[in-house]
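Letters A, B, ... mirror the listed sequences (proteins, then strands); counts begin at 1. Because the structure is predicted, anything quoted here is derived from the model rather than measured.
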Protein chains: 2
Amino acid sequence: VVQYVGVRHVVRVIAETGLSEVLAGLAAYIEEDFRRWESFEKTPRIASHSRHGVIELMPVSDRRLYSFKYVNGHPHNMRDGLQTVTAFGVLCDVETGYPRFLSEMTITTALRTAATSALAARYLERRDASTMAIIGLGAQSEFQAVAFKTLLGISRLRVYDVDPAATRKFVANLADRGFDIVVAGSAQEAVLGADVVTTVTADKRRATILRDEMVGEGVHVNAVGGDCPGKTELQRELLLRADVFVEYPEQTRVEGEIQQMPADFPVTELWRVIAGRAPGRASARQITIFDSVGFATEDFSALRYLRDRVQGTDCYDEIDLVAEPSDPRDLFGLLRPGLVRTDEALAEMAT
Amino acid sequence: VVQYVGVRHVVRVIAETGLSEVLAGLAAYIEEDFRRWESFEKTPRIASHSRHGVIELMPVSDRRLYSFKYVNGHPHNMRDGLQTVTAFGVLCDVETGYPRFLSEMTITTALRTAATSALAARYLERRDASTMAIIGLGAQSEFQAVAFKTLLGISRLRVYDVDPAATRKFVANLADRGFDIVVAGSAQEAVLGADVVTTVTADKRRATILRDEMVGEGVHVNAVGGDCPGKTELQRELLLRADVFVEYPEQTRVEGEIQQMPADFPVTELWRVIAGRAPGRASARQITIFDSVGFATEDFSALRYLRDRVQGTDCYDEIDLVAEPSDPRDLFGLLRPGLVRTDEALAEMAT
């Protein structure tokens with residue numbers, strides 16, 4: 001039997017657990033898996049590009065569990081009232097190859113991305129950081145804000161979006177969550193005095209959301225929006241001035257901000273910082289950049305968290321995704337009238 | 001909304017449509033997609049090997065639809081009463097990146113493998129072929145038999161398995177389906193006088209199920225069981241004597257019978273035969289081999305067939321795999337109490 005957590009159940013898990021607790025729980029699972037980075041079989045995601053966008057599969061395994069996520073990126077979807085990103089994922093047993101757990105991951109990806117950003121910032125931002133600028137107030141933005149408040153206590157926000165409607169949505173969604181929000185008139189104004197700058201815009205092109213001169217000493221840049229070939233947010237000069245931290249270099253060099261840089265541009269792998277093998281922030285004046293593109297281990301961690309979280313609750317369904325013939329060689333026998341249909345008749349009687 | 005066809009619904013589709021009609025329908029979809037082979041974006045499957053077996057993702061796209069299949073191969077599963085192969089697949093819109101259709105594919109893979117074998121044989125077997133040998137009477141065997149009877153009218157079978165229980169299961173499952181079945185005492189005895197030889201054993205090792213001297217002139221060999229690195233069924237000398245037809249050479253040279261041969265061993269792509277670009281069988285004395293490993297387009301075709309087949313029926317469920325916020329930028333808004341939970345409360349009231 002495969003456990004299935006759809007959108008309604010993920011929303012219920014969040015409502016019953018509390019968003020902050022979920023983000024903290026996710027961050028703990030993600031951190032645990034980053035610490036044992038070397039035990040994972042990793043591969044860059046497998047992308048299928050079209051003129052409309054990209055569809056990706058992101059598999060990973062720790063040799064006990066295997067997971068993959070399906071995720072798309074379609075910047076023009078919003079024009080038609082559809083989401084830019086949708087996702088779902090599956091957790092499977094390596095020993096048997098059987099899928100065990102299927103979950104929506106549109107909401108869950110937003111959660112795990114925000115949890116990863118806040119986790120990285122814990123190692124990279126100044127200890128006295130108290131104000132975050134957020135540029136781009138789309139689907140991911142509130143999750144980033146709540147994650148930084150939960151994990152790092154940052155409650156002062158300076159925010160900007162080219163679209164005032166996005167700004168209104170952001171402010172309304174975070175009302176009563178204890179934030180002090182300043183709405184800025186430009187990206188430049190938003191970053192003034194901010195200790196952390198989160199860029200999370202949606203345009204699929206080389207944009208310069210953050211110019212070099214906008215970023216002062218000691219700032220940590222959480223660069224979330226630049227995450228596929230041709231899509232960047234930071235000016236090249238800023239990357240040259242900063243220390244750049246990445247998830248999986250093989251993938252980030254293709255998809256991240258550093259796609260603008262030569263193949264040998266120096267980066268530090270985040271897992272090494274988390275595992276104590278490399279320094280994070282080294283001085284109060286250093287500019288740090290987390291060049292986030294999202295990696296399969298984070299989805300693996302998120303699926304593990306969700307699976308563990310729903311056990312013993314009614315926040316999942318059981319679905320018949322896998323045939324279970326009583327004799328494994330007798331798959332054909334499942335077609336015998338009465339065998340499987342009896343189950344269904346029973347299910348129909350129960351409803 | 002994502003349409004979901006689980007095991008129970010696939011069994012119902014087969015029961016209500018008839019197995020022969022399903023196999024014929026599948027073969028027609030597979031043939032149609034082979035004919036337009038060049039319109040597909042193709043890639044070898046992405047495999048994750050462990051000491052227990054292999055887990056694979058098989059993506060493919062025709063630039064309007066994208067599909068992938070998850071499939072495992074765990075030869076030792078049977079020891080624990082589990083299936084060697086389980087699978088499921090998803091069909092998605094390339095234009096929006098949204099997943100649309102999720103289906104079990106354990107039964108469906110057996111169906112599409114058999115339909116592909118029979119389709120290939122239509123171009124490769126002798127016109128007067130009337131008898132098929134089947135060596136290996138595991139989970140796939142009955143599907144092969146019914147597909148060859150449906151598509152090619154072959155009803156005389158000569159069968160062999162090392163395990164008498166597998167043979168009993170095979171004979172019982174095909175009772176009342178109009179076959180004339182001879183149970184042979186060895187593989188060698190089974191192939192005597194057969195026009196088509198289907199090898200579909202399950203051992204994950206280099207085996208020699210079919211030796212060169214066992215195969216006479218004019219025979220078509222449908223080699224189904226050798227389908228991953230290290231797993232073959234045919235003796236090398238037989239491959240040298242025959243003309244070999246494959247699905248996707250990049251994959252078959254790694255996984256198929258021809259993994260035993262040098263990288264430049266000549267093969268013909270099946271799609272070229274089906275599209276009329278290359279000859280199939282050229283003479284009555286030729287030995288032909290379909291070195292089947294299964295390719296992603298066949299799953300794409302099978303998912304298309306199933307999706308089309310269940311429209312307008314009640315043979316599917318609708319599942320909430322994708323979040324659908326009314327404003328696509330307002331994913332966070334889905335977490336507002338009452339929004340999604342109301343739907344659920346309604347669903348609960350309806351039950």
Side-chain angles (χ1 to χ4, degrees), chain A residues 6-8 11-12 14-15 19 41 46 48 50 52-53 55 57 59 61 63 66 68 70 72 74 77-78 81-84 86 88 90 92 94-99 104 106-107 110 138-139 142-143 166 169 173 319-323 328-335 337 340-341 343-344 351, chain B residues 6-8 11-12 14-15 19 41 46 48 50 52-53 55 57 59 61 63 66 68 70 72 74 77-78 81-84 86 88 90 92 94-99 104 106-107 110 138-139 142-143 166 169 173 319-323 328-335 337 340-341 343-344 351:
Chain A
V7 172
R8 285 189 313 210
V11 169
R12 262 190 64 201
I14 296 168
L19 178 57
E41 180 191 66
I46 300 100
S48 173
S50 70
H52 309 288
I55 292 176
L57 296 174
S61 162
R63 295 177 171 85
Y66 169 100
F68 75 89
Y70 170 100
N72 74 299
H74 283 63
N77 269 1
M78 214 157 60
L82 297 173
Q83 297 165 97
T84 305
T86 67
F88 62 92
V90 181
C92 315
V94 169
E95 188 174 345
T96 63
Y98 272 50
E104 89 80 39
T106 309
I107 297 169
E142 298 95 339
F143 296 95
K169 172 217 65 159
N173 275 337
I319 62 172
D320 60 342
L321 192 60
V322 176
R329 285 171 309 187
D330 195 8
L331 191 59
F332 195 86
L334 284 179
L335 308 186
V340 174
R341 299 188 74 183
D343 290 354
E344 196 187 32
T351 359
Chain B
V7 172
R8 285 189 311 210
V11 169
R12 262 191 63 201
I14 297 168
L19 178 57
E41 180 191 67
I46 299 99
S48 174
S50 70
H52 309 289
I55 292 176
L57 296 174
S61 163
R63 294 175 172 86
Y66 168 100
F68 76 87
Y70 170 100
N72 74 299
H74 283 63
N77 269 1
M78 214 157 59
L82 297 173
Q83 295 166 98
T84 305
T86 68
F88 62 92
V90 182
C92 315
V94 170
E95 188 174 345
T96 63
Y98 272 50
E104 88 82 39
T106 309
I107 297 170
E142 299 95 339
F143 297 94
K169 171 217 65 158
N173 276 337
I319 62 171
D320 60 343
L321 191 60
V322 176
R329 285 170 311 188
D330 195 8
L331 191 59
F332 195 85
L334 285 179
L335 308 186
V340 174
R341 299 188 75 183
D343 290 355
E344 196 186 30
T351 0

Which atoms of A:S61 are under 4.5 Å from chain B, going by heavy atoms: the side chain, the backbone, both sets, or neither?
side chain
Which atoms of A:A110 come close to chain B, meaning under 4.5 Å heavy atom to heavy atom: side chain ones, backbone ones, both, or neither?
side chain
Quick one, B:V7 with A:V322, criterion side-chain contact (heavy atoms from CB on, under 4.5 Å). Give me CA distance, side-chain angles, the key distance, then yes/no.
CA-CA 7 Å; B:V7 172; A:V322 176; 5.7 Å; no
Distance in Å, [X] [atom1] paired with [Y] [atom2], rounded so as to fall on 0.5 Å steps:
X: A:C92; Y: B:Y70; atom1: SG; atom2: OH; result: 3.5 Å
X: B:N173; Y: A:R329; atom1: CG; atom2: CZ; result: 11.5 Å
X: B:L334; Y: A:I107; atom1: CG; atom2: CD1; result: 5.0 Å

Heavy-atom distance under 4.5 Å to chain A: side chain of B:S48, backbone, both or neither?
both
Is there a side-chain contact between B:L57 and A:F68 in this structure, where contact means two heavy atoms from C-beta onward sitting under 4.5 Å apart?
yes
Side chains of B:V94 and A:S50: closer than 4.5 Å at any heavy-atom pair?
yes
Check: B:Y98 main-chain N/O paired with A:H74 side-chain donor or acceptor under 3.5 Å
no
Under 4.0 Å between a side-chain nitrogen and a carboxylate oxygen: does that hold for A:K169 and B:D330?
no
Describe, in one word, how the ring planes of A:F332 and B:F143 are oriented to each other, choosing from parallel (under 30°), tilted (30 to 60°) and perpendicular (over 60°).
perpendicular
